[in-house]
Amino acid sequence: MHKQAKIYVAGHKGLVGSAIVRCLQKNGYGNLVLRTSKELDLRRQAEVEQFFDMEHPEYVFLAAAKVGGILANSTSPAEFIYDNLMIETNIIHAAYQYMVKKLLFLGSSCIYPRMAVQPIKEEYLLSDYLETTNEAYAIAKITGIELCKFYRRQYACDFISAMPTNLYGINDNFDLQTSHVLPALIRKFHEAKVNHAPHVTLWGTGTPLREFMYVDDLADALLHLMLHYSDELHVNVGTGEDLSISQVAQIVKDVVGYKGEIQYDTSKPDGTPRKLLDVSLLNRTGYHYTTSLRKGIELVYEWYLQQNK
Ligand code: GFB
């Protein structure tokens, strides 16, 4: 991918898309094609084909998606499956029609079976039942992986798929109903500190284990895969390390400097007990993550304070 290549980052305003843009610009790729969802509704095939016909991007990072935490996924399954199926199908098919040189599709670690053997290898996909709280999103993302695989097989398209673990970073979603856990913890502990609240209430039991990757490390890994990986097997992207929700809550509590108590609302779902990714395939391609969880949380909290002065 030469430095003047025309690169389309679908979903460039989101947590992952904006990190990909930062990473591309940091590495000298300046010829980026970007569209907001108001400028281009990726669920409408005619609009997507018109866009590809006009712009003819050479490379595509498919980071556009409808995403959310455990509550959003479990309360809006029809939106999650419809929006994500339409977005990925339209972009992948248009990339084939308009002869995109290479496309990278982004899924999620929730594609794997709820009780998969840990750490989870890429080959465990579709080997057992999915986690019910996010099966709609998971089925849509599994379909994206299969689309890339079959377009490679039938049309020789160089379309690859990456499956990131739980992500966090600047420009995340901090809405307490729809966000993922880490931004929710940062906001909850910050607001409790500012308001001198005696306790913070978290969801579930605090016992599930999660793996967290700083989004700028993910973006580096995605550029690395775009440059160096070309095969039909999707690639897990993560740190290979996990901890409990209670443990990560303690780190956030300490970084924020909150001194009160932590309580758990067990009426809220825990979700899958664990989803640690086996990242040996990624590591064999030569990529290793660099930002520790504590450092990443410190960077995000610093950014959060700037945004909420
Ligand atoms: O990050 P999260 O919403 O999604 O929740 P998943 C992770 C764990 O944190 C769950 C607990 O056990 C939650 O119960 N948790 C505790 C909280 N307090 C909170 C809180 O205030 N907010 C949130 N959101 N969680 C998602 C999938 O699963 O993982 C998505 O639903 C996607 O589709 C994403 O795959 C990567 O990690 O459980």
Side-chain angles (χ1 to χ4, degrees), residues 14-16 63 65-81 83-85 106-116 118 120 125 130-145 162-169 172-192 197 199-215 218 234 236-239 242-253 256 258 262-277 293 297 300:
L15 170 70
V16 173
K66 179 173 178 62
V67 298
I70 190 165
L71 207 56
N73 267 272
S74 40
T75 49
S76 316
E79 293 170 54
F80 273 83
I81 193 164
D83 286 8
N84 288 303
L85 279 177
L106 268 154
S108 165
S109 59
C110 73
I111 61 170
Y112 292 111
R114 171 183 164 81
M115 301 308 287
Q118 311 277 326
I120 305 171
L125 182 62
L130 296 169
E131 158 61 31
T132 52
T133 54
N134 54 41
E135 66 182 331
Y137 180 68
I139 288 168
K141 287 300 181 179
I142 291 167
T143 304
I145 294 171
M163 291 305 119
T165 187
N166 286 48
L167 302 168
Y168 71 101
D172 205 341
N173 166 16
F174 288 83
D175 176 277
L176 292 182
Q177 292 307 307
T178 60
S179 68
H180 290 100
V181 61
L182 241 167
L185 295 180
I186 289 173
R187 179 170 171 183
K188 285 184 173 180
F189 282 117
H190 174 75
E191 291 181 349
H199 67 263
V200 164
T201 302
L202 305 185
W203 298 349
T205 62
T207 58
L209 295 163
R210 289 294 183 273
E211 175 186 7
F212 296 99
M213 186 177 209
Y214 189 57
V215 76
L218 169 77
H234 57 284
N236 288 338
V237 183
T239 64
D242 63 358
L243 73 174
S244 72
I245 296 302
S246 300
Q247 289 172 313
V248 71
Q250 285 301 328
I251 298 174
V252 177
K253 180 174 184 275
V256 169
Y258 175 66
I262 297 175
Q263 294 180 350
Y264 285 93
D265 171 4
T266 52
S267 73
K268 294 284 192 320
D270 267 338
T272 192
R274 192 180 191 198
K275 45 179 180 175
L276 175 65
L277 296 181
L293 182 56
I297 293 170
V300 176

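Ligands are counted one by one from 1 in listed order, and the atoms in each one are counted from 1 as well. Treat the numbers as computed from the prediction; the structure is a model and nothing was measured.
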#### Entry: Distance-only side-chain donor-acceptor flag, T205 / D270, under 3.5 Å
yes
Close side-chain approach of [X] and [Y], heavy atoms under 4.5 Å:
{"X": "M115", "Y": "P273", "value": "yes"}
{"X": "I245", "Y": "V181", "value": "yes"}
{"X": "I120", "Y": "K275", "value": "yes"}

### Query
Mind checking whether F189 and Y258 have parallel, tilted or perpendicular rings, split at 30° and 60°?
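Answer is tilted, since the angle falls between 30° and 60°.
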### Task
Report the relative orientation of the aromatic rings in Y168 and F212; use parallel for angles under 30°, tilted for 30 to 60°, perpendicular for over 60°.
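Perpendicular: the ring planes of Y168 and F212 meet at over 60°.
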#### Entry: Residue contacts for ligand 1, heavy atom to ligand atom, distance under 4.0 Å
G68, G69, I70, N73, S108, C110, N134, Y137, N166, S179, H180, V181, A184, K188, L202, W203, P208, R210, I245, P269, D270, K275
